[in-house]
Undergrad: 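Here it is: the structure, laid out below.
Computed from a predicted model, the values in this text were never measured in an experiment. The chains referred to below are lettered A, B, ... by the order of the sequence lines, with proteins before strands, and numbering in each begins at 1. FYI, side chains are in, hydrogens and waters are out, and symmetry mates aren't considered; it's all heavy atoms of this structure.
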2 protein chains.
Amino acid sequence: MANRRATQADVAALAGVSPTAVSLVLAGRTGTRLSDTVQSRVHAAAAELGYRPNLTARALSTQRSHAIGLVSDQASVSPEASALIRGALRGARAHRMTVLTAETEGDPEIQREATEALVDRGVDGLIFVASRSRVITLPEAAMRTRLVLLNARIAEDRLAVLPDEHNGARSLVDLLAQAGHRDAVAVIGAGAPELEPDVTFTVKRRLEGLWEGFAAHGITPFATVPEAEWELSTGYDGMRALLARETRPKVVICLNDRLAFGASRAIHDAGLRIPEDVSIASFDDDVIAEYVQPQLTTVSLPYVRMGELAVELLMNDDSAPGEHLVDMPVHVRRSVRGLAPTEQG
Amino acid sequence: MANRRATQADVAALAGVSPTAVSLVLAGRTGTRLSDTVQSRVHAAAAELGYRPNLTARALSTQRSHAIGLVSDQASVSPEASALIRGALRGARAHRMTVLTAETEGDPEIQREATEALVDRGVDGLIFVASRSRVITLPEAAMRTRLVLLNARIAEDRLAVLPDEHNGARSLVDLLAQAGHRDAVAVIGAGAPELEPDVTFTVKRRLEGLWEGFAAHGITPFATVPEAEWELSTGYDGMRALLARETRPKVVICLNDRLAFGASRAIHDAGLRIPEDVSIASFDDDVIAEYVQPQLTTVSLPYVRMGELAVELLMNDDSAPGEHLVDMPVHVRRSVRGLAPTEQG
DNA sequence: GTTGCTTGCTAAGGCGCTTTAGCAAGAATT
DNA sequence: AATTCTTGCTAAAGCGCCTTAGCAAGCAAC
């Protein structure tokens, strides 16, 4: 029952033509002068045998695998980054590419092995994805290959897909200003960009966008509470510290959703209401943004789109080199007073 | 600079031996009577040229790709299921296998195409992963191939990896009983197994394990609140309903963490404390189990291990067919009175 | 001194596909 | 009637590897 897959030779034999003819016809080549008779005989035979091409053989022959390698650090651990992968898979499907996946779990040695294995398999290109936007280093084998960095940068000037943090942050401030929030604005997570030298380049851009917006709208950020770890507890503590001040903040921008989640709880515990007493907005559009009441207004990280774009850049031979930034749309939900939600809250 | 990769022929030329010799030596074949001289010349030449085998050619020649195809429904969407994939990737690495990934987004047509593409690439086996344990259907192309179902079953009796829901549930009840909780026990999410005909087979087993435990310990589940959708709000409402009863439940078993999350909030809102007033335990060990205060005692779904096992079964020619169940360990955290947490809470 | 075994290595075919060059027969040209 | 063009198709080589069969030389045996 488990009889051999039919090959082109089998089709040729059944159709009574040469293997060459089969190849030509099934490839849909134009300009070959094969008669209609032959064409239809080939198609019929192929259908009868359930012929499917052997992609390995084709790859060997054409030197193109129609496959791309995806090397992630620990992307499938974090929900955010699995969105990157989902986007890449979607993009790959659109380009009829197969994706070979490897996960390094952060180990450079594993990364090297995985990269080499993928290159040895003849992938047409590589995508390196980082779960947090980082400057990463790549194994040497990667550098000889067409590659795209997804949510990451390397020292060299290679194709990279990154979120447009600057404009995302800026447009959040614009929205807040437009809703009338121009004073008593606080930031939890970091201070002005010039005060934060040690921050990753993406966070830096996020801060620059915010402070550019503040400047443009004459906003003096009321109080900032820099915290190292962006976790629930720091958000909670940060918010409590803010609430203990003389003037209570009316808008709090948290640098990520976890901070906002903690801050929300602190606001709630203080007997205050969101957004009536305090408005809150944040970054990332993490799933937990929907677990808070009311749901968070947050600047979303467009991971899926980024993943798709990575594949597009990889496939397009004349992609402009360097960074490609993807819009970070503001998801307006109910946590900001004066803004009409764009989705059901 | 981007000069051709060295082939065995190049190595042979440099070493002054035949390509056959190179193949034999580099394959580490024993029993070939090649002299030490030849062996070392080959190794030296290979090293000098940085020779790496072309895996596509090898696959074509040996009819083994050393690759497995992973078809997920929407696994990389859900954090739980991305753990399945992580496990599979880990297992694949251990077996020096490459993983070709495809995502169907639930569309049977995409599933068929993806499966065929993977088979056309000559994968040595297929893993189908479902984000919720389900009975799934597979495209015909899959059935001719060696395959493992990960977190899923099909009608036919094929290799399948599933969580051991029955024993997981049973051991939770055992633990609760051991901690002295034998009355005022409530369940949120579903009723006794015989009352729930429409539930998926995994949930069925979970219920059977629970009720078996109840019977063994003489526990009469105090009240059950069946709800269709296992969401926060239903957990919240369910708990409120329970709290409105005459006798207040002392232990609540939620059938998943989201329910527990909602229930926790209801308990908190009612001015009660966990675990002093009400103990709570649930299933899944979702990330949100750590977002609740106190952190949830929950029966964990061993996704990573399941993923690893799937690869092991696939690679092992004489795996016993049928279902392979993986233990569901109870993660004891602080939400149950009388149980010492096994991890920091 | 033919036969036979061992040792050390290579020739060559095959995996299934693509692609280039080219063959044979008829049609068009001179 | 010989030459050149088309037309319609196929032979054959090549992608890079693995593997089987077998060759040549040296040695042992009869």
Undergrad: Rounded to the nearest angstrom, tell me the gap between atom CZ in B/R52 and atom C1' in D/dC17.
TA: 15 Å

Undergrad: Please produce a list of atom pairs where a protein N or O lies less than 3.5 Å from an N or O of nucleotides 6-15 of chain C.
TA:
{"from": "C/dG8", "atom 1": "N7", "to": "B/R33", "atom 2": "NE", "distance (Å)": "3.1"}
{"from": "C/dG8", "atom 1": "N7", "to": "B/R33", "atom 2": "NH2", "distance (Å)": "3.1"}
{"from": "C/dG8", "atom 1": "O6", "to": "B/R33", "atom 2": "NH2", "distance (Å)": "3.3"}
{"from": "C/dC9", "atom 1": "OP1", "to": "B/S35", "atom 2": "OG", "distance (Å)": "3.1"}
{"from": "C/dC9", "atom 1": "OP2", "to": "B/S35", "atom 2": "N", "distance (Å)": "2.3"}
{"from": "C/dC9", "atom 1": "OP2", "to": "B/S35", "atom 2": "OG", "distance (Å)": "3.0"}
{"from": "C/dT10", "atom 1": "OP1", "to": "B/S18", "atom 2": "N", "distance (Å)": "3.4"}
{"from": "C/dT10", "atom 1": "OP2", "to": "B/S18", "atom 2": "N", "distance (Å)": "3.1"}
{"from": "C/dT10", "atom 1": "OP2", "to": "B/S18", "atom 2": "OG", "distance (Å)": "2.9"}
{"from": "C/dA11", "atom 1": "N7", "to": "B/T20", "atom 2": "OG1", "distance (Å)": "3.3"}
{"from": "C/dA11", "atom 1": "N6", "to": "B/T20", "atom 2": "OG1", "distance (Å)": "3.1"}
{"from": "C/dA12", "atom 1": "N6", "to": "B/T20", "atom 2": "OG1", "distance (Å)": "3.3"}
{"from": "C/dG14", "atom 1": "N2", "to": "B/S61", "atom 2": "OG", "distance (Å)": "3.2"}

Undergrad: Any Lys/Arg nitrogen of B/E105 or A/R90 sitting under 4.0 Å from an Asp/Glu carboxylate oxygen of the other?
TA: yes

Undergrad: Just checking, is any N or O donor in the side chain of A/S65 or A/D124 under 3.5 Å from an acceptor N or O on the other one?
TA: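 Yes.
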
Undergrad: If you look at every heavy atom in A/P53 and A/R58, which pair is closest and at what distance?
TA: CB-NH2, 3.4 Å

Undergrad: For B/E312, is there an ion pair with B/R305 - N to carboxylate O distance below 4.0 angstrom?
TA: yes

Undergrad: Using 4.0 Å as the upper bound for N to carboxylate O, is an ion pair formed by B/R205 and B/E323?
TA: yes

Undergrad: Is B/R64 close enough to D/dC18 that one of its side-chain N or O atoms is under 4.0 Å from OP1 or OP2 there?
TA: no

Undergrad: Hey, mind stepping through A/V22 and A/L24 against side chain to side chain contact (heavy atoms under 4.5 Å, CB included) and telling me if it holds?
TA: CA-CA 5 Å; A/V22 175; A/L24 261 21; over 6 Å; no

Undergrad: Tell me whether the side-chain N/O atoms of A/R5 come closer than 4.0 Å to OP1 or OP2 in C/dG16.
TA: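 False: A/R5 side-chain N/O out of range (4.0 Å or more) of C/dG16 OP1/OP2.
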
Undergrad: Distance check needed: C/dC17 P versus A/H66 NE2, whole Å only.
TA: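 In whole Å, C/dC17 P lies 15 Å from A/H66 NE2.
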
Undergrad: Measure from CZ on B/R29 to P on D/dC17 and round the result to the nearest Å.
TA: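 Atom CZ in B/R29 sits about 15 Å away from atom P in D/dC17.
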
Undergrad: Would you mind reading off the distance between B/L55 atom CG and D/dC18 atom C1', rounded to a whole angstrom?
TA: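 Result: 13 Å.
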
